[in-house]
**Q** 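Can you read through this structure? Questions will come right after.
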Amino acid sequence: MKSINVISKKIEWDRLEKEYDQLVNTLYPVRKEAVERLNNQKAKIVSLATGLLLQDIVYKELGIEPKGLSISKMEQGKPYIDGRSEFYFNISHSGDRITIAYGNSPVGVDVEHIRCRESDLKVAKRCFTQEEYEFIALDEFALDKEGLSHSKEERFFMVWTMKEAYLKYTGTGISVPMKSFQVKPYDGVVVGEKLNNKTLIMEDYVYSVCVDDDVEISFSFE
């Protein structure tokens with residue numbers, strides 16, 4: 001059975017700051033080098049937290065120790081573990097959350113902290129399809145299939161994360177314009193594709209996971 005697990009973990013800023021020197025030396029080699037190249041302390045902590053969570057998952061799932069973990073990137077930047085083509089993973093972070101999706105099927109994941117920005121509708125008008133823009137711009141709170149309402153801000157980030165998750169699933173990244181394809185948040189689909197693009201809102205964050213349509217998705221939050 002094809003399945004993808006999604007783990008979202010809150011960044012422990014104080015602990016990671018305090019134990020930085022010790023923890024950075026436990027990272028797998030490529031991540032350690034990447035963290036130490038960063039100049040911004042906040043970025044260092046985010047990268048450290050990401051590396052720690054990823055190597056814990058890899059050890060649990062594949063039995064690979066951090067010192068033996070080798071990660072490369074495809075031409076468009078999608079990461080993969082050397083020699084383990086059967087294991088797929090994807091990473092996203094926003095605000096205080098690190099999110100990693102992993103399993104035995106291709107996956108793209110995106111998380112965004114919901115915030116109110118006057119520029120969002122302008123971004124939607126410029127970057128999204130007309131149908132997506134109209135979905136976001138509704139004056140009333142639109143209801144989904146379960147009868148739940150969502151604000152404009154929530155709807156904006158539902159579309160945004162679904163698009164990002166799809167681009168990360170395909171591995172094409174920013175080389176493909178966001179306006180060149182359409183998503184339907186309440187249906188969980190990318191129009192014209194046989195994919196499951198599931199969206200979840202939890203504690204002021206929007207999560208989207210894009211997988212093949214026969215893949216089961218499970219979430220856990222720490």
Side-chain angles (χ1 to χ4, degrees), residues 3-113 161 164-174 200 202-211 217-222:
S3 63
I4 288 293
N5 298 302
V6 183
I7 292 180
S8 181
K9 186 172 184 177
K10 189 172 183 179
I11 298 174
E12 300 174 274
W13 297 100
D14 291 341
R15 183 180 75 85
L16 295 177
E17 285 269 13
K18 183 179 180 180
E19 301 177 18
Y20 174 85
D21 291 335
Q22 174 188 347
L23 292 173
V24 75
N25 288 316
T26 69
L27 290 172
Y28 59 94
V30 172
R31 176 67 66 167
K32 182 176 184 293
E33 292 174 6
V35 171
E36 292 179 333
R37 283 198 303 268
L38 295 169
N39 294 319
N40 181 278
Q41 185 62 17
K42 183 176 180 180
K44 282 179 176 286
I45 296 300
V46 171
S47 188
L48 172 63
T50 302
L52 292 172
L53 179 56
L54 177 60
Q55 66 190 32
D56 284 349
I57 291 171
V58 170
Y59 179 71
K60 175 184 175 182
E61 296 296 319
L62 303 177
I64 300 175
E65 297 275 1
K67 62 182 179 181
L69 178 57
S70 178
I71 295 178
S72 299
K73 290 185 178 181
M74 298 178 183
E75 184 177 348
Q76 298 290 349
K78 191 171 184 178
Y80 65 93
I81 297 174
D82 294 335
R84 295 301 181 102
S85 59
E86 79 285 357
F87 184 82
Y88 299 85
F89 73 97
N90 204 236
I91 298 169
S92 184
H93 61 80
S94 180
D96 292 329
R97 286 277 168 185
I98 301 293
T99 303
I100 299 180
Y102 65 94
N104 59 0
S105 187
V107 60
V109 66
D110 192 56
V111 58
E112 289 290 343
H113 185 226
T161 57
E164 287 284 353
Y166 171 71
L167 293 175
K168 294 173 77 175
Y169 164 87
T170 61
T172 52
I174 60 173
L200 176 70
M202 179 73 69
E203 295 182 352
D204 295 326
Y205 286 84
V206 178
Y207 302 82
S208 287
V209 185
C210 187
V211 294
I217 304 171
S218 61
F219 287 85
S220 63
F221 298 88
E222 299 178 4

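What you are looking at is a predicted structure, and each value in this text was computed from that prediction instead of being measured.
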**Q** Would you indicate whether D14, at its atom CG, is surrounded by more than 12 heavy atoms from other residues, nucleotides or ligands within a distance under 6.0 Å?
**A** no
**Q** E12: which residues meet the side chain to side chain donor-acceptor pair (under 3.5 Å) condition with it, sequence neighbours left out?
**A** R15
**Q** For residues 50-63, tabulate all N or O donor-acceptor pairs below 3.5 Å that involve a side-chain atom, not counting sequence neighbours.
**A**
from	atom 1	to	atom 2	distance (Å)
T50	OG1	V46	O	2.8
Q55	OE1	Y28	N	3.1
Q55	NE2	T26	O	3.0

**Q** For E164, give me all partners under side-chain contact (heavy atoms from CB on, under 4.5 Å), at least two apart in sequence or on another chain.
**A** D110, W160, M178
**Q** Under the side chain to side chain donor-acceptor pair (under 3.5 Å) rule, collect the residues that match up with E203, sequence neighbours excluded.
**A** none
**Q** Any salt bridge (Lys or Arg N to Asp or Glu O under 4.0 Å) pairs touching residues 33-46, not counting sequence neighbours?
**A** K32-E36
**Q** Can you tell if the side chain of R31 reaches within under 4.5 Å of the side chain of L69, non-hydrogen atoms only?
**A** no
**Q** Not counting sequence neighbours, which residues clear side-chain contact (heavy atoms from CB on, under 4.5 Å) with K67? List them please.
**A** E65
**Q** Sequence neighbours excluded, which residues qualify as side-chain contact (heavy atoms from CB on, under 4.5 Å) partners of D204?
**A** H113
**Q** For S105 and I4, which heavy atoms make the closest approach, and how far apart are they?
**A** O-CD1, 3.3 Å
**Q** Once side chain to side chain donor-acceptor pair (under 3.5 Å) is applied, do any residues pair with Y166, and if so which ones, sequence neighbours excluded?
**A** E193
**Q** Checking S94 now: which residues fulfil side chain to side chain donor-acceptor pair (under 3.5 Å) with it, not counting sequence neighbours?
**A** none
**Q** Quick one: ring pair (Phe, Tyr, Trp, His ring centres under 6.0 Å) partners of Y207, sequence neighbours excluded?
**A** F221
**Q** Residues in side-chain contact (heavy atoms from CB on, under 4.5 Å) with S72, at least two apart?
**A** Y80, D82
